[in-house]
Asker: 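Below are the structure tokens for one structure; questions will follow.
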Amino acid sequence: MTESLGDWRRTHYSRQVKPDMNSQKLTLMGWIHEIRDLGGIIFLLLRDRDGITQITAPSKKVSSELFEEIRKLRKESVVAIKGTVQESGKAPGGVEIIPEELRLLNQSQQPLPLDPTEKVRAEIDTRLDSRYLDLRKHSVNSIFKIKSRMLHSVRLFLEEQEFIEINTPKLVASATEGGTELFPITYFEREAFLGQSPQLYKQMMMATSLDKVYEIAPIFRAEEHDTLRHLNEAISIDVEVAFADQDDVMILLEEMVANAIKDVKENCGEELETIGVELEVPKTPFPRLRYSEVVDLVNSQGVNLRYGEDLSRAAEKAMGEVMDGYYFISDWPSDIKPFYVMPNSENPEVSQAFDLMYRDLEISSGAMRVHLHDLLVERIKSKGLNPDSFNRYLAAFQYGMPPHAGWGLGAERFTMCLTGAKNVRETVLFPRDRRRLTP
RNA sequence: GCCCUGGUGGUGUAGGGGCUAUCAUGUGGGCCUGUCGAGCCCACGACUCGGGUUCAAAUCCCGGCCAGGGCGCCA
């Protein structure tokens, strides 16, 4: 029933087929999006990675064998079609293909687990179960083309500034930074964990003279959260810079973010149009608010927030009402930031840490780090952690650790900002959340 | 982890003690030479699982499983 690819190769994608190619022969390959059989004429919609082309088969213009073959096609089957471009005002986009030969490369079973034409919208749970089919929808795969472009832009930007891409282990012995829960795993006869962040490793790289490093890699959090903005496996864009303070890396971060948005806007026009997003390139520098100012702002919005508390969801939402785009929150209380964050030398109650927000969503956090060994030990103790379990990390601070600063940016949350996705799961091919471990 | 809501054909839904279970889409078949959410005709296909109440349960009660939302937790 099905035929082999043989020596046929695609000559064009759908989006490349234009009316001025009239009479040109070409070969298209893709999926049957829709079939409209009118009896004496059949319209096929052939969909490929970013477009749809109409294949028009009038019974008088194509052979009866081919006409019968086309009549028997089923939605979502994979086909290769050789044909001629026909300019036509009656066709969508002013152009259609008159088929001459067809190869059925693979038949799709029926019924489909969801409708790729989106006449009936499936729920996210159904869509994730059949993600391969869901991703055939241009509205869905556009998100991943945008995410890809954003990551590409981030790499270009950092490489241009002579950053070195590093890879740090994801299998780690405990020595947790604290805060989050870790996923325990079996490492031969020992217990180990999946890494919550490359934090301790990228800091150790500061003692190597590599000076400017970045890593784009998965991070794992075993929190039982169940929200539209949390994942148990996410991609973190992590940066660490030696001989720098928090202000230096805030500038780096805002320039990188603005650059990525500009790049996506310039290179993903069709994808943005497909998902109906009008991107605005933010002006730099981004507004900078102190944590204390945020407390006042939130309270003035009628949401109770005491100085010293981390932002509640209600507080974030209140900020989202006041602030429209990207902004920094700096000068956080030391108490609610991790041990490796540098306290302000004049007022150690306040830290040299910042978060980057987009409206009500935290997308990045960073800081000037503690580079002094004894202060670091003191900070570890004050967080109720045992310095002994950080020996290998702490040693790197005893033989020449320069001052340094850095941040981590959540790739999925940033993608939410770029695409307007309301659910972070929309920005991951195969999301891992509290309940989902497959596919 | 807490709170709320829900689970009905492949998909998305209506129905809330007494049916042959609604509609759309789809699927299979038929008609139709300009469809573009094609149209028309015929057919197909479903009450999350277990227990209970009742003459009678998709519907009410209890429990499990699964899902959606909110919050908490979240370097």
Side-chain angles (χ1 to χ4, degrees), chain A residues 33-45 52-62 67 71-72 74-76 86 88-96 98 108-130 133-134 172 175-182 193 195-203 219-232 234 236 238 309-317 336-341 353 355 362 364-367 369 383 385 406-410 413 422-423 425 433-436:
Chain A
H33 185 66
E34 286 214 70
I35 306 163
R36 301 198 189 100
D37 181 351
L38 274 65
I41 186 167
I42 302 171
F43 299 98
L44 282 184
L45 297 184
I52 293 175
T53 299
Q54 177 163 291
I55 313 294
T56 303
S59 58
K60 288 201 178 133
K61 283 197 189 171
V62 304
F67 195 78
R71 241 175 58 82
K72 285 186 200 134
R74 294 291 170 257
K75 282 187 184 180
E76 296 308 319
Q86 174 81 232
S88 166
K90 290 181 280 188
V95 68
E96 62 194 4
I98 310 299
S108 172
Q109 284 195 278
Q110 302 291 344
L112 301 165
L114 54 81
D115 170 21
T117 68
E118 293 185 272
K119 282 175 200 154
V120 179
R121 286 185 174 272
E123 290 185 355
I124 184 107
D125 192 48
T126 307
R127 292 171 45 209
L128 291 175
D129 283 341
S130 302
L133 200 50
D134 186 48
V172 297
T176 165
E177 304 149 38
T180 194
E181 292 289 319
L182 303 184
F193 300 91
Q196 68 184 108
S197 91
Q199 181 61 33
L200 307 187
Y201 291 100
K202 64 178 185 171
Q203 279 192 269
I219 55 172
F220 303 91
R221 308 281 163 90
E223 296 297 336
E224 294 184 347
H225 35 47
D226 197 1
T227 78
L228 299 179
R229 52 192 191 287
H230 286 95
L231 293 164
N232 294 292
S236 179
D238 263 275
E309 284 181 325
D310 205 348
L311 299 192
S312 63
R313 188 64 193 132
E316 286 180 341
K317 283 179 174 167
I336 53 173
K337 285 291 171 184
F339 65 78
Y340 49 77
V341 165
D355 280 3
E362 176 194 333
S364 172
S365 61
R369 321 298 192 184
K383 292 285 175 187
L385 299 165
W407 41 256
L409 169 68
R413 287 193 174 181
K422 298 277 190 297
N423 188 336
R425 280 161 265 240
D433 62 35
R434 177 73 185 88
R435 298 189 175 94
R436 183 173 285 275

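Below, each value reflects all heavy atoms present in this structure, side chains not excepted, and no hydrogens, waters or symmetry copies. To find a chain, count down the sequence lines: A is the first, B the second, and so on, and within it residues start at 1.
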Asker: For B:A43, which nucleotide in any strand shown is its Watson-Crick or wobble partner with both distances under 3.5 Å?
Answerer: B:U27
Asker: Can you tell me the pairing partner of B:C71 across any strand shown, Watson-Crick or G-U wobble, with both distances under 3.5 angstrom?
Answerer: B:G1
Asker: Could you give the CD1-to-P distance, from A:Ile35 to B:U27, as a whole number of Å?
Answerer: 8 Å
Asker: Polar atoms only, N or O, under 3.5 Å: list the protein pairs with nucleotides 29-34 of chain B and their distances.
Answerer:
{"from": "B:G29", "atom 1": "OP2", "to": "A:Arg74", "atom 2": "NH2", "distance (Å)": "3.2"}
{"from": "B:C32", "atom 1": "N1", "to": "A:Leu38", "atom 2": "O", "distance (Å)": "3.4"}
{"from": "B:C32", "atom 1": "N3", "to": "A:Asp37", "atom 2": "O", "distance (Å)": "3.2"}
{"from": "B:C32", "atom 1": "N3", "to": "A:Leu38", "atom 2": "O", "distance (Å)": "3.4"}
{"from": "B:C32", "atom 1": "N4", "to": "A:Asp37", "atom 2": "O", "distance (Å)": "2.8"}
{"from": "B:C32", "atom 1": "N4", "to": "A:Gly39", "atom 2": "N", "distance (Å)": "3.4"}
{"from": "B:U33", "atom 1": "OP2", "to": "A:Gly40", "atom 2": "N", "distance (Å)": "2.9"}
{"from": "B:U33", "atom 1": "O4", "to": "A:Ser59", "atom 2": "OG", "distance (Å)": "3.3"}
{"from": "B:G34", "atom 1": "N1", "to": "A:Glu96", "atom 2": "OE1", "distance (Å)": "3.4"}
{"from": "B:G34", "atom 1": "N1", "to": "A:Glu96", "atom 2": "OE2", "distance (Å)": "3.1"}
{"from": "B:G34", "atom 1": "N2", "to": "A:Glu96", "atom 2": "OE1", "distance (Å)": "2.6"}

Asker: Is B:G6 paired to anything, Watson-Crick or G-U wobble with both distances less than 3.5 Å, and if yes, which nucleotide?
Answerer: B:C66
Asker: Applying salt bridge (Lys or Arg N to Asp or Glu O under 4.0 Å), name anything that partners A:Arg425, two or more places apart in sequence or on another chain.
Answerer: A:Asp433
Asker: Taking only residues two or more places apart in sequence or in another chain, which ones pass side-chain contact (heavy atoms from CB on, under 4.5 Å) with A:Thr126?
Answerer: A:Ala122, A:Glu123
Asker: Using a cut-off of less than 4.0 Å, is there contact between a side-chain N or O of A:Arg435 and OP1 or OP2 of B:A67?
Answerer: yes
Asker: Atom pairs, N/O to N/O, protein against nucleotides 7-11 of chain B, distance under 3.5 Å?
Answerer:
{"from": "B:G10", "atom 1": "O2'", "to": "A:Leu112", "atom 2": "O", "distance (Å)": "2.9"}

Asker: Please identify each residue that fulfils side-chain contact (heavy atoms from CB on, under 4.5 Å) with A:Ala234, with sequence neighbours left out.
Answerer: A:Ile219, A:Leu231, A:Glu412
Asker: Under the side-chain contact (heavy atoms from CB on, under 4.5 Å) test, which residues partner A:Pro111, sequence neighbours left out?
Answerer: none
Asker: Please name all residues satisfying side-chain hydrogen bond (donor to acceptor under 3.5 Å, both in side chains) with A:Gln86, sequence neighbours left out, ordered by chain then number.
Answerer: none
Asker: Sequence neighbours left out, what passes side-chain hydrogen bond (donor to acceptor under 3.5 Å, both in side chains) with A:Thr117? Give chain and number order.
Answerer: A:Asp115
Asker: Once you round it to whole Å, what is the distance between P of B:C71 and CG of A:Leu311?
Answerer: 14 Å
Asker: List in chain and number order the residues that pass side-chain contact (heavy atoms from CB on, under 4.5 Å) with A:Ser59, two or more places apart in sequence or in another chain; answer none if no residue qualifies.
Answerer: A:Phe67
